[in-house]
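Below is one structure; the comments refer to it alone.
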Amino acid sequence: PHAGIAYLAAFLRKSGHFVQIMDMRLYPEYKDLKSKIEKFKPNFIGMNLISLGYINSYKLINRIKKEFNIPFIVGGPHPSILEEKILKECNADYVVISEGEFTLLELVEDKPLKDILGLCWRNSEGKIMKNSSRPYYNELDNLPFPAYELFEMNKFLVRRIPLVSSRGCP
């Protein structure tokens, strides 16, 4: 299971938000994702985006945005270095830059967009805005344990969870 997604899910849950995860490595068909969105009816949809295969991710984001009027958030390595470019190239609504816990929480809790550190977004005129960076959070022991239970562990070939001892690119 993806450690970063598990950390974000745990952080949101600790703050009282209901979170579901769909690992598209297990369910690669769009119909499965569409069904999950229709059943869950989320207020936001988020996706980890990596550089490898980003074009396919853009296609998926655009398809979801075409069918659902739900704000779309992207984060991860690719968005953290190409935040404005992503908003120019696909229909995502928000880019969370670098560490996502606090930025994501403030976004889903409706803090004014201009006040959320580490966020890139479009204003009402469609202009891309990039807020100041969020300082790194050094108290990693204060974060909740990753919510690996939200993943369908019984469907993984190897049933181990990743141990994350620091942040950044391994």
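Quick caveat: nothing in here was measured; it's all calculated off a predicted structure. By convention here, the first residue in the shown sequence is residue 1.
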Should [X] and [Y] count as side-chain neighbours, where that means a heavy-atom distance under 4.5 Å?
X	Y	answer
Met47	Ile61	yes
Leu60	Leu33	yes
Trp121	Asn131	yes
Leu117	Ser133	no

Which heavy atom in [X] sits nearest to a heavy atom in [Y], and how many Å separate them?
X	Y	answer
Pro77	Asn48	CD-OD1, 3.8 Å
Pro28	Arg25	CD-O, 4.4 Å
Val74	Ala92	CG1-CB, 4.1 Å

In terms of hydrophobic clustering (I, L, V, M, F, W, Y; side-chain heavy atoms under 4.5 Å; direct or indirect links), are [X] and [Y] co-clustered?
X	Y	answer
Ile64	Phe40	no
Ile86	Met129	yes
Leu104	Tyr136	no
Ile70	Leu49	yes

Q) Is the backbone of Asn91 close enough, under 3.5 Å, to the side chain of Asn62 for a donor and an acceptor to pair up by distance? A) yes
Q) Is the backbone N or O of Tyr94 less than 3.5 Å from a side-chain atom of Arg122, with the two atoms forming a donor-acceptor pair by type? A) no
Could you tell me whether [X] and [Y] have a side-chain N and a carboxylate O separated by less than 4.0 Å?
X	Y	answer
Glu38	Lys31	no
Lys155	Asp23	no
Lys88	Glu84	no

Q) In chain order, what residues pass the ring pair (Phe, Tyr, Trp, His ring centres under 6.0 Å) check against Tyr137, with sequence neighbours excluded? A) Phe102
Q | Test ring pair (Phe, Tyr, Trp, His ring centres under 6.0 Å) applied to His78 - qualifying residues, sequence neighbours left out | A | Tyr54
Q: Establish, for the pair Arg13 and Phe18, whether the NZ or CZ atom is under 6.0 angstrom from the six-membered ring centre and no further than 45 degrees off its axis.
A: no
(Q) Apply side-chain hydrogen bond (donor to acceptor under 3.5 Å, both in side chains) to residues Tyr30 and Glu67 and explain how you reach the verdict. (A) CA-CA 12 Å; Tyr30 180 75; Glu67 291 191 45; 3.2 Å; yes
(Q) Under a plain distance cut-off of 3.5 Å, with no hydrogens placed, do Tyr7 and Glu99 share a side-chain donor-acceptor pair? (A) no
